[in-house]
Amino acid sequence: MFEIDEGVLVDTVNELNKALMHLEDCFEFMSTFDDYHLGRTKQFMIDKEKTIKYAREVIGALESRLEEKGYEKTVDTGEFLGEGYEAYYDEDLGNWYRSRLKMIAFRLKHGTSKEDVRDCLDLEGDGEEATMYFTTYVT
């Protein structure tokens, strides 16, 4: 069986997800061309769906491998975090984020008061232990 470095696998899965998103956008863009009929043919639509389906299956299998190994995804971007990646962590929910703003917005959207968010961030620096902070991810 073929073995791949886990750090390389994390980077590969993240890049494949970005590439798939661009591929989907490309197909959608092609289907808008008035003088380019490829985007409107039945075969084009079948090929498009097959391509995206197979790509999702491959990426899904790789993601499953990472999840089995204990790697986590960020809530806001859906990226997997590799060993040594820096991100924001919310201890109370156990969620990782690439954006501090999105971490705060997520908590506010799900009913946490502004005062409780301030306490979790320890904005006053009064010695209370913060439960939402920037840190380095380790598996």
Side-chain angles (χ1 to χ4, degrees):
M1 186 168 133
F2 178 73
E3 282 295 319
I4 186 170
D5 178 72
E6 291 177 7
V8 171
L9 184 57
V10 168
D11 293 338
T12 301
V13 168
N14 288 337
E15 290 303 318
L16 286 172
N17 273 318
K18 289 177 193 171
L20 181 59
M21 184 174 51
H22 291 299
L23 178 64
E24 290 172 332
D25 290 345
C26 180
F27 278 129
E28 292 303 315
F29 181 67
M30 285 176 61
S31 68
T32 64
F33 292 172
D34 288 333
D35 58 342
Y36 190 66
H37 300 291
L38 177 63
R40 292 183 183 77
T41 66
K42 183 176 181 180
Q43 187 60 46
F44 174 82
M45 295 306 290
I46 291 169
D47 291 345
K48 169 190 159 186
E49 289 171 15
K50 282 183 182 178
T51 300
I52 291 173
K53 177 186 172 201
Y54 295 140
R56 283 191 196 285
E57 286 176 9
V58 168
I59 294 169
L62 294 172
E63 286 180 336
S64 294
R65 174 87 171 149
L66 289 174
E67 289 168 354
E68 287 171 11
K69 295 274 189 174
Y71 286 88
E72 304 231 14
K73 274 185 171 183
T74 59
V75 171
D76 54 344
T77 64
E79 288 180 275
F80 276 93
L81 294 171
E83 191 77 28
Y85 283 35
E86 293 181 328
Y88 294 93
Y89 185 63
D90 182 341
E91 276 185 16
D92 297 331
L93 299 178
N95 291 339
W96 290 90
Y97 302 84
R98 283 292 194 186
S99 165
R100 181 176 189 229
L101 213 53
K102 289 186 180 179
M103 176 176 63
I104 293 167
F106 186 86
R107 288 294 291 267
L108 293 173
K109 182 179 177 183
H110 289 88
T112 305
S113 71
K114 288 180 185 179
E115 185 60 38
D116 287 343
V117 169
R118 280 190 199 97
D119 290 342
C120 290
L121 293 168
D122 192 24
L123 294 177
E124 288 79 33
D126 59 6
E128 295 281 323
E129 189 164 326
T131 59
M132 295 169 64
Y133 49 85
F134 189 72
T135 189
T136 301
Y137 177 79
V138 289
T139 52

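These numbers come from a predicted model, not from an experiment.
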Colleague: Quick one: does Arg98's side chain have a donor or acceptor within less than 3.5 Å of a partner on Glu86's backbone?
Modeller: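 Side chain of Arg98 to backbone of Glu86, a donor-acceptor pair under 3.5 Å: yes, one is there.
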
Colleague: Under the ring-ring contact (aromatic ring centres under 6.0 Å, His included) test, which residues partner Tyr89, sequence neighbours left out?
Modeller: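 Residues passing ring-ring contact (aromatic ring centres under 6.0 Å, His included) with Tyr89: Trp96.
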
Colleague: Side chains of Glu63 and Asn17: closer than 4.5 Å at any heavy-atom pair?
Modeller: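 Counting from C-beta outward, Glu63 and Asn17 do come under 4.5 Å.
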
Colleague: Below 4.5 Å, heavy atoms only, C-beta onward: do Phe134 and Arg100 meet side chain to side chain?
Modeller: no

Colleague: Does the side chain of Lys102 come within less than 4.5 Å of Thr74's, by heavy atoms?
Modeller: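 No; the side chains remain at least 4.5 Å from each other.
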
Colleague: Only one of Glu72, Lys69, Glu67 forms a side-chain contact (heavy atoms from CB on, under 4.5 Å) with Phe80, so which one is it?
Modeller: Glu67

Colleague: Side chains of Val138 and Glu83: closer than 4.5 Å at any heavy-atom pair?
Modeller: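 The answer is yes, as the side chains (C-beta and beyond) meet within the 4.5 Å cut-off.
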
Colleague: Grab the two heavy atoms, one from Ala87 and one from Leu81, that are nearest each other, plus how far apart they are.
Modeller: CB-CD2, 4.0 Å

Colleague: If you look at every heavy atom in Cys120 and Asp92, which pair is closest and at what distance?
Modeller: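 Reported closest heavy-atom pair: SG-OD2, 3.5 Å.
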
Colleague: Applying side chain to side chain donor-acceptor pair (under 3.5 Å) to Tyr71 and Glu6, what does each step give before you reach the verdict?
Modeller: CA-CA 10 Å; Tyr71 286 88; Glu6 291 177 7; 2.7 Å; yes

Colleague: Is the shortest side-chain heavy-atom distance between Lys50 and Lys53 below 4.5 Å?
Modeller: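 Answer no - side chains too far apart.
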
Colleague: For a quick test of reading the model, state the closest non-hydrogen atom pair linking Ile104 to Leu121 and the distance between them.
Modeller: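 In this case the closest contact between Ile104 and Leu121 is CD1-CD1, 3.6 Å.
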
Colleague: Roughly how far apart are Met132 CE and Phe106 CZ, rounded to 0.5 Å?
Modeller: 10.0 Å

Colleague: Would a distance-only check, ignoring hydrogens and angles, find a side-chain to backbone donor-acceptor pair under 3.5 Å from Asp76 to Ser99?
Modeller: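 Yes.
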
Colleague: Given 3.5 Å as the limit, does a donor-acceptor pair link the side chain of Asn95 with the main chain of Asp90, or not?
Modeller: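 It does not hold such a pair.
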
Colleague: Distance check, rounded to the nearest 0.5 Å: Leu20 atom CG versus Glu24 atom CD?
Modeller: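 So the CG of Leu20 and the CD of Glu24 are separated by 4.5 Å.
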
Colleague: I need the Asp11 CG to Glu79 CD distance, nearest 0.5 Å.
Modeller: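 Result: 9.5 Å between the selected atoms.
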
Colleague: Any chance you could measure Arg65, atom CZ, to Ile4, atom CD1, to the nearest 0.5 Å?
Modeller: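 One gets 10.0 Å once the value is rounded to the nearest 0.5 Å.
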
Colleague: Tyr133: which residues meet the ring-ring contact (aromatic ring centres under 6.0 Å, His included) condition with it, sequence neighbours left out?
Modeller: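 Partners of Tyr133 by the ring-ring contact (aromatic ring centres under 6.0 Å, His included) criterion come out as none, since no residue qualifies.
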
Colleague: Kindly work out whether a path of hydrophobic side-chain contacts (I/L/V/M/F/W/Y, heavy atoms less than 4.5 Å apart) joins Ile52 to Val58.
Modeller: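 Same cluster: Ile52 reaches Val58 through Ile, Leu, Val, Met, Phe, Trp or Tyr contacts under 4.5 Å.
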
Colleague: Are Leu66 and Leu62 packed together at the side-chain level, in the sense that at least one heavy-atom pair is separated by less than 4.5 angstrom?
Modeller: no

Colleague: Assigning hydrophobic clusters by single linkage (Ile, Leu, Val, Met, Phe, Trp, Tyr; side-chain heavy-atom cutoff under 4.5 Å), is Leu16 placed with Tyr54?
Modeller: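 No, it is not one cluster - the side chains of Leu16 and Tyr54 are not joined through contacts under 4.5 Å.
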
Colleague: If I take atom OG1 from residue Thr112 and atom CG from residue Leu93, how far apart are they, to the nearest 0.5 angstrom?
Modeller: 7.0 Å

Colleague: Do Thr131 side-chain atoms and Glu91 backbone N/O form a donor-acceptor pair below 3.5 Å?
Modeller: no

